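Predicted model, so just to flag it, every value in this text is computed and none were measured.
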Amino acid sequence: MTGVDVNSQIRMDPEGQVTLETWGPNNRFMVIRGRNYASATAAQASAEKWRAALMVAFAQLNIGADFGTRAPQGKLTDPERRLFGGDDADQSRQVLDDVHGILVFPSKPAAAFETAMPITAVLSRPIEDVVSCASALADQADLLLDDAQLVAHSLFASSFSETSADARFLMLMMAVETIIKRDDRSLAVVAHVNDLLTQTKQTDLPVRERDALLGALRDLRKQSIGQAGQALASMLGDQRFAGETPADFFKMSYGLRSQLVHGAVPRPSREIVGQRAATLQIMVGRLLSMTVSSSDGVDEEA
């Protein structure tokens, strides 16, 4: 990120309990560090809140970062801990496992980390933007990301490092589909589907075929992914994406996703996929930040 000095320590809250710091070889990385908590539970809760604040801030600012939600984690053996911890009782230190993500540990003795992997931003943005945005979000008492949102943010961030237009586009579509909530269809439709279920159960079809049909029919009581996705996108209001309404943009993107996933011939061109992925990335960022953003974000063009 731009605007960060080597060995800098930027206060993220008025009390200075939480700071944004450079870390690692040649100070290449940034970490959020919290101090002086009454308990490990309080520290864990604060860490989860600040992770959520950063994830949403990065989505708002169109920054990709790996928060380690699916990263491999190291685990030191006891002999390795003794080796790295030192033999001098007066200068002992705690040697912690390699954790890419949240790590809660006592403030004493001094901690040593072996090749830990903190978040790595892909897009350069002024550090002031990140600090301001994340700090404002962290002030929200109820800020918390559920499991689906964490997965969606991880997919969104991972898309920034994809060099393949197809892979980037599909990863962004996966992020959207992760947070889609499928509502029930109308009562009349559900009643009709239930009638079909009753009729199907009474048929003499082979069990495997009948069960497959019953499963498909049960799913019809809910909106399709396409319908639910358009409803979600519509929550972005009057914004425009490549000149299209949010619902229309999602509908066209979902159709393109189906062509790629199901092997349509001829295959959509790289140019078409790449152009839509670039705009989709902006849309996904706004969708991910929408539920916790205090701004309406309407009348915007992407």
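Taken from NE2 in H192 to CG in D195, the straight-line distance is 7.5 Å, to the nearest 0.5 Å. Between the CD atom of Q223 and the OG atom of S186 there is a distance of 10.5 Å, given to the nearest 0.5 Å. To the nearest 0.5 Å, atom CD1 of residue I102 and atom CD of residue E48 are 5.0 Å apart. Rounding to the nearest 0.5 Å gives a distance of 13.0 Å between CE of M174 and CD1 of I179. Within the model, atoms CD of Q60 and CG of N62 stand 11.5 Å from one another, a figure rounded to the nearest 0.5 Å. Of the inter-residue distances, the one linking R35 atom CZ with T19 atom OG1 reads 4.0 Å to the nearest 0.5 angstrom.
Transitive grouping of hydrophobic side chains (ILVMFWY, heavy atoms separated by less than 4.5 Å) brings I282 and L280 into a common cluster. Hydrophobic clustering places V261 together with V176 (ILVMFWY residues linked when any side-chain heavy atoms are closer than 4.5 Å, directly or through intermediates). Both V284 and I225 are members of a single hydrophobic cluster when ILVMFWY side chains are connected at heavy-atom separations under 4.5 Å. Taken together through direct or relayed side-chain contacts under 4.5 Å among Ile, Leu, Val, Met, Phe, Trp and Tyr, L214 and L205 form parts of separate hydrophobic clusters. Note: the hydrophobic cluster containing F249 does not contain M252 (ILVMFWY, side chain heavy atoms under 4.5 Å, direct or indirect links).
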Checklist entry - Passes side-chain contact (heavy atoms from CB on, under 4.5 Å), R33 versus V18? Steps please. => result CA-CA 6 Å; R33 176 170 293 184; V18 179; over 6 Å; no

Next on the checklist: Evaluate D219 against R182 for side-chain contact (heavy atoms from CB on, under 4.5 Å), listing each step before the verdict.
Outcome noted: CA-CA 10 Å; D219 190 64; R182 297 171 62 198; 2.9 Å; yes

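For the pair R210/T200, a side-chain contact is recorded, criterion being any heavy-atom separation below 4.5 Å from C-beta on. Taking the side chain as every heavy atom from C-beta outward, F58 and C133 never approach each other to under 4.5 Å. Looking only at side-chain heavy atoms (C-beta outward), M55 and L137 stay at 4.5 Å or farther from each other. Counting heavy atoms from C-beta on, the side chains of L145 and V56 come closer than 4.5 Å. At least one side-chain heavy atom of V130 sits less than 4.5 Å from a side-chain heavy atom of L54. A 4.5 Å side-chain heavy-atom check between R267 and D166 finds at least one atom pair inside the cut-off. Put simply, the side chain of V104 does not reach to within 4.5 Å of the side chain of Y37, judged on heavy atoms.
S161 places a side-chain N or O within 3.5 Å of a backbone atom of S158 that can act as its donor or acceptor partner. Checked by atom type and distance alone, the side chain of S154 never pairs as donor or acceptor with a backbone atom of L150 at under 3.5 Å. Side chain of Q202 to backbone of Q199: no donor-acceptor contact under 3.5 angstrom is found. Listed for the K49 side chain is no donor-acceptor partner under 3.5 Å among the backbone atoms of L143.
In plain terms, the two heavy atoms of F169 and R276 that are nearest each other are CE1-CG, 3.7 Å. In terms of heavy atoms, S159 sits closest to R168 at O-CG, 3.5 Å. Looking at every heavy atom in both residues, I63 comes nearest to F160 through C-CZ, 3.8 Å. For S224 against R185, the heavy-atom pair with the smallest separation is N-NH2, 3.7 Å. In plain terms, the two heavy atoms of A152 and L288 that are nearest each other are CB-CD2, 3.6 Å. Nearest heavy-atom pair across A242 and T279 is N-CG2, 3.8 Å.
Under 4.0 Å is where a charged nitrogen must lie from a carboxylate oxygen, and between K222 and D183 no such pair does.
Around atom CG of D147, no more than 12 heavy atoms belonging to other residues, nucleotides or ligands sit under 6.0 Å away.
E271 and Q275 are not linked by any side-chain donor-acceptor pair at a separation below 3.5 angstrom, with hydrogens and angles left out of the test.
With sequence neighbours excluded, the residues satisfying ring-ring contact (aromatic ring centres under 6.0 Å, His included) with F250 are Y254.
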